[in-house]
Visitor: 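The structure under discussion is supplied below as structure tokens; questions concerning it will follow.
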Amino acid sequence: MQLNDVGLTKQEIMNMADQYMLYTFPVLPIVATKAKDLYIYDSDGNAYLDFYAGVAVLNCGQTNERVTKAVQQQAGELTQNCNYFYNIPAALLAKTLCESIGMDKIVYQNSGSEANEAMIKMARKFGVDNYGPDKYEIITAYKSFHGRTYAALTATGQPGTHLHKGFDPLVPGFKYAEFNSLKSFEDAVTDNTIAIMVEPLQAEGGIYPATQEFLQGLRRLCDEKGLLLLLDEVQTGLGRTGTLMCYMDYGIKPDIVSLAKAIGNGVPLGAICCTKQAAAAFTYASHGTTFAGNALSCAAGYAAVSEIIERELSKNAADVGGYMMEKLLSMPHAKIRGKGLLIGIEFDQPVAAQIKQTCFENKLIVCQLGANIIRLVPPLTVTKEDCDTAYDILKKSVDLVYANR
Ligand SMILES: Cc1ncc(COP(=O)(O)O)c(C=O)c1O
């Protein structure tokens with residue numbers, strides 16, 4: 001939809017949105033009207049280099065041709081079918097994804113939070129079915145982020161922060177332990193524990209990759225104690241960190257993994273993939289959602305996942321991400337962390353908001369994480385030349401912000 005189509009000006013659209021939409025985040029003062037691959041265009045025709053990708057969603061790039069065609073075709077054929085019939089894209093996506101990541105079954109959902117709700121419910125039902133009603137406790141990590149719905153929010157190990165404040169009482173049965181400390185997780189396990197749930201790289205919590213020893217140690221701990229290992233790959237999954245799933249770089253497999261963000265390349269879709277053993281917990285009507293396995297979103301998902309696999313976008317994420325991380329080592333005032341194209345730049349001062357704003361004024365979109373961190377999560381189609389352009393704008397912005405402090 002363009003301004004001409006509706007006969008309104010940019011200012012009228014912004015006023016309308018400000019009057020009727022409740023924003024819980026600051027909004028940049030442009031109306032985005034078009035996008036292609038790594039560029040977003042506003043209603044005045046300005047082009048912005050996109051290193052945020054709708055918050056790590058657009059792994060195949062904006063308006064990717066294959067995904068767009070699949071959605072256009074499917075929208076004219078069949079969209080919604082709510083569990084009553086088989087549909088072609090849902091079956092094709094299920095096979096492609098399960099076989100590529102070594103899982104047996106998929107359960108479709110609509111978002112990351114909802115996928116994590118399903119993962120938590122499956123683990124609890126597995127515990128109750130196999131060990132009795134007291135086996136429901138789940139241990140998650142401090143600084144984790146698992147979403148904003150109630151169980152996902154409780155699993156989010158950030159007590160006392162804006163995420164939890166005002167939302168008590170949270171859901172019982174969750175405990176937190178220190179990320180990257182196997183001992184802390186070992187100590188937290190009780191007779192009531194059924195699962196351990198972590199992100200292989202804590203993204204929203206500040207860009208902290210798990211160490212090999214930690215993730216492999218958690219897998220061993222779960223095997224020894226009969227616990228399920230739940231991995232939240234909502235942000236890390238589907239090529240972002242340099243392998244198709246982040247866990248593939250650790251030589252382990254979870255019992256259940258959650259996915260969302262990149263799976264639909266901008267069309268809302270989430271999922272959990274799991275082993276046959278874990279899948280047995282979900283029996284007839286024990287879980288469901290109206291839109292799950294919707295033909296339209298699965299058509300987008302099948303196109304997006306096929307594109308990521310066939311174009312080897314995870315390999316590009318590893319190569320170009322490595323190049324960018326190397327380049328960023330020379331950024332003043334900053335420490336660099338990350339994996340593939342999930343990169344955090346932590347500044348020694350609370351300058352992230354000003355740097356994001358200055359980058360925006362210079363036509364580069366980056367993500368702010370808290371007061372000190374800038375996160376770079378471009379589409380996985382990004383090139384080294386794009387990284388050179390982004391680096392130059394970022395460096396110029398950092399110099400300007402620090403010079404004016
Ligand atoms: C690791 C992780 N889990 C879950 C979520 C929640 O996903 P959604 O915003 O789609 O509910 C996010 C969102 O950023 C995330 O990064």
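Just so you know, ligand 1 is whichever comes first in the structure, and atom 1 is the first atom listed for that ligand.
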Visitor: Ion pair present between Glu186 and Arg220, side-chain N to carboxylate O less than 4.0 angstrom?
Guide: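 Looking at Arg220 together with Glu186, the answer is no, because their closest N to O distance does not fall below 4.0 Å.
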Visitor: Report yes if the side chains of Met248 and Ile101 come closer than 4.5 Å at any heavy-atom pair, otherwise no.
Guide: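 Yes; the side chains approach each other to less than 4.5 Å.
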Visitor: Looking only at non-hydrogen atoms, find the nearest pair between Ala17 and Tyr23 and report the distance.
Guide: CB-OH, 3.5 Å
Visitor: Show your working on side chain to side chain donor-acceptor pair (under 3.5 Å) between Arg337 and Gln202 and close with a plain yes or no.
Guide: CA-CA 11 Å; Arg337 293 190 289 272; Gln202 291 192 317; over 6 Å; no
Visitor: Given Phe214 and Phe185, is the ring-ring contact (aromatic ring centres under 6.0 Å, His included) satisfied, shown in steps?
Guide: CA-CA 10 Å; Phe214 175 63; Phe185 273 81; 5.5 Å; yes
Visitor: Near ligand 1, which protein residues have a heavy atom under 4.0 Å away?
Guide: Ser111, Gly112, Ser113, Asn116, Phe145, His146, Gly147, Glu199, Glu204, Asp232, Val234, Gln235, Lys261
Visitor: Name all residues meeting the side chain to side chain contact (heavy atoms under 4.5 Å, CB included) criterion together with Leu28; count only those two or more places apart in sequence or in a different chain, and write none if there are none.
Guide: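 Expected list: Gln357, Phe360, Ile365.
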